[in-house]
Amino acid sequence: MLNVRDLSKNYGEKHVLHKINFHIHKGEIVGLVGENGAGKSTLLHILATIEKQSSGHFSIDEEPDSKPANIRKKIGFVPQEVALWEDFTVKENMTFFEKLSWKRRSIDELKKLCEAMHLDAWNTKVRALSGGMKRKLNMAISLIHDPPILFLDEPTVGIDLKSKKEIADYLTHIATTKDKTILYISHDMDEITSMCTRVISIGDDPFYDDILTAEGMDVTTLSKNDE
Ligand SMILES: Nc1ncnc2c1ncn2[C@@H]1O[C@H](COP(=O)(O)OP(=O)(O)OP(=O)(O)O)[C@@H](O)[C@H]1O
Ligand SMILES: [Mg+2]
């Protein structure tokens with residue numbers, strides 16, 4: 001499904017990702033962990049075609065060298081920062097982003113998508129939503145075009161346990177019933193162990209690897225410096 005080969009990213013002299021390799025199968029929920037600054041968001045930005053790698057390749061659905069526009073049709077991306085129109089209602093945000101999407105959705109379908117995530121505030125302005133509701137809306141927007149693969153960058157930061165569980169349940173549901181493939185960044189190890197089938201760890205500090213391995217998780221470590 002997602003195949004990453006010798007992918008590197010430098011910002012000037014700074015090596016953020018160094019020749020990383022991994023593969024994710026269809027329907028897997030894979031956690032992406034590592035300390036602050038390890039390069040997790042950078043990796044997701046490259047896979048979401050927001051940034052360009054310095055070298056190396058990745059392919060989705062065995063299609064190497066796809067154009068960014070083709071890749072974007074297959075992916076949903078939830079950024080680390082919430083990106084919504086604060087003065088628009090949930091409905092207006094959903095219909096606005098539906099117009100930007102390459103797939104057409106009816107109002108009813110958009111509403112059902114929000115409801116599936118327990119976001120029942122269709123006519124409420126975004127500025128009146130709680131942090132957790134905004135996160136759910138951000139996620140619903142990323143799913144408008146029904147992408148087979150979803151990249152999520154810390155989608156549950158600062159939200160209560162109930163909303164966290166609703167989001168985890170929804171993601172598990174779409175992975176198991178709709179075969180969605182999910183790459184999920186989080187610093188919450190409980191969330192990772194309960195939701196993810198496997199973990200990718202970036203960086204040379206074994207801190208996360210040790211915790212997750214002790215919990216019985218299958219951890220793949222991507223070293224930053226293997227020179
Ligand atoms: N546009 C940029 N220009 C220069 N350096 C950058 C840029 N974007 C990220 N970096 C650097 O790349 C490194 C990796 O950043 P990144 O945001 O990917 O880390 P992260 O693992 O997502 O961290 P966090 O857990 O804090 O979100 C950091 O040292 C950061 O300062
Ligand atoms: Mg980040």
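By convention here, the first residue in the shown sequence is residue 1. Ligands are counted one by one from 1 in listed order, and the atoms in each one are counted from 1 as well. We use all heavy atoms of the structure for the numbers below, so side chains are in, but hydrogens, waters and symmetry mates are not.
For the pair Glu166 and Lys136, the salt-bridge criterion is met [side-chain N within less than 4.0 Å of a carboxylate O]. With respect to Asp188 and Lys164, a salt bridge is recorded, a charged nitrogen being found less than 4.0 Å from a carboxylate O. Between Asp160 and Lys165 there is no salt bridge, since no side-chain nitrogen of the basic residue lies less than 4.0 Å from a carboxylate oxygen of the acidic one. Salt-bridge check for Lys125 with Glu86: failed, with every basic side-chain N at 4.0 Å or more from each acidic carboxylate O.
Taking every non-hydrogen atom of Gln80 and a distance limit under 4.0 Å, the qualifying atoms of ligand 1 come out as 27 (O). Within ligand 1, the atoms closer than 4.0 Å to a non-hydrogen atom of His187 are 25 (O), numbered from 1 in the order shown. Atoms of ligand 1 found under 4.0 Å from any heavy atom of Glu154, numbered from 1 in the order shown, are 25 (O), 27 (O). With ligand atoms numbered from 1 in the order given, ligand 1 contributes 14 (C), 15 (O), 16 (P), 18 (O) to contacts under 4.0 Å with heavy atoms of Thr42. The Gly39 neighbourhood of ligand 1 comprises atoms 14 (C), 18 (O), 19 (O), 20 (P), 21 (O), with distances under 4.0 Å to a heavy atom of that residue. Residue Val16 has at least one heavy-atom neighbour below 4.0 Å for each of these atoms of ligand 1: 12 (O), 13 (C), 14 (C).
When the options Gly12, Gly37, Gly203 are ranked by their closest heavy atom to atom 28 (C) of ligand 1, first place goes to Gly37. The heavy atom nearest to atom 24 (P) of ligand 1, out of those in Asn36, Val33, Leu43, Leu32, is found in Asn36.
Distance check for Ser41 against the Mg ion (ligand 2): an N/O/S atom falls below 2.8 Å. Here Gln80 reaches the Mg ion (ligand 2): one of its N/O/S atoms is less than 2.8 Å from the metal.
Distances between N or O atoms of Gly34 and those of ligand 1 include no value under 3.5 Å.
Atom CG of Leu110 and atom CD of Glu115 lie 11.0 Å apart (nearest 0.5 Å).
Only the side chain of Lys14 comes within 4.0 Å of ligand 1, counting heavy atoms alone; its backbone N, CA, C and O stay farther away.
Looking at Tyr170 and His118, their side chains never bring a donor and an acceptor atom within 3.5 Å of each other. For the 3.5 Å distance criterion, the side chains of Glu35 and Tyr208 fail to qualify, holding no donor opposite an acceptor.
In this structure, Gln80 and Pro155 have side chains that are not in contact, with every pair of non-hydrogen atoms separated by 4.5 Å or more.
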